[in-house]
Amino acid sequence: MPKFNVPDMSCNHCVSAISTAIESVDSGASLEFDLANRQVSVDSSAPVEAIQAAIEAAGYPNQVV
């Protein structure tokens, strides 16, 4: 399960925007958010690069941890 560090993720609005972005790539993705550490874990069949690009397109720079 890839984990992404998303430094600008700070609230539930961010979680919602990121969820929508990832679900546009894989509607069946399972997501776990850790707001305190600003990380999201994604269980998905989509390529890591596609998920990372979707998060970025939603306005959230990120890195794979």
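The structure presented is a predicted model; accordingly, all values stated were derived computationally and were not measured.
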So how far is it from Ile55 CD1 to Tyr60 OH, rounded to the nearest 0.5 Å?
11.0 Å
ILVMFWY network linking Val64 to Val25, side-chain heavy atoms under 4.5 angstrom:
no
Reported CD-to-CD distance for the pair Glu32 and Gln39, which is rounded to 0.5 angstrom
11.5 Å
Using every non-hydrogen atom in the two residues, find where Val42 and Ala29 come nearest and quote the distance to one decimal.
CG1-CB, 4.4 Å
Nearest non-hydrogen partners of Pro2 and Val48, listed with the distance:
CG-CG2, 3.7 Å
Smallest heavy-atom separation, Asp8 atom then Pro61 atom, equals OD2-CD, 3.6 Å
Going by the rule side-chain hydrogen bond (donor to acceptor under 3.5 Å, both in side chains), which residues pair with Asp34 if we only count those two or more places apart in sequence or in a different chain?
Asn37
side-chain hydrogen bond (donor to acceptor under 3.5 Å, both in side chains) pairs, two or more places apart, involving residues 9-26
Asp26-Ser44
My understanding is that only residues two or more places apart in sequence, or in another chain, count here; which of them pass side chain to side chain contact (heavy atoms under 4.5 Å, CB included) with Ser30?
Asp43
Got a sec, which residues hit side chain to side chain contact (heavy atoms under 4.5 Å, CB included) with Ala57, two or more places apart in sequence or on another chain?
none
Which heavy-atom pair separates Ala58 from Ala21 by the least distance, and what is that distance?
CB-CB, 3.8 Å
Sorted by chain and number, sequence neighbours left out, side chain to side chain contact (heavy atoms under 4.5 Å, CB included) with Pro7 holds for Asn5
Out of curiosity, Leu31 CG to Ile18 CD1, how far, rounded to the nearest 0.5 Å?
9.5 Å
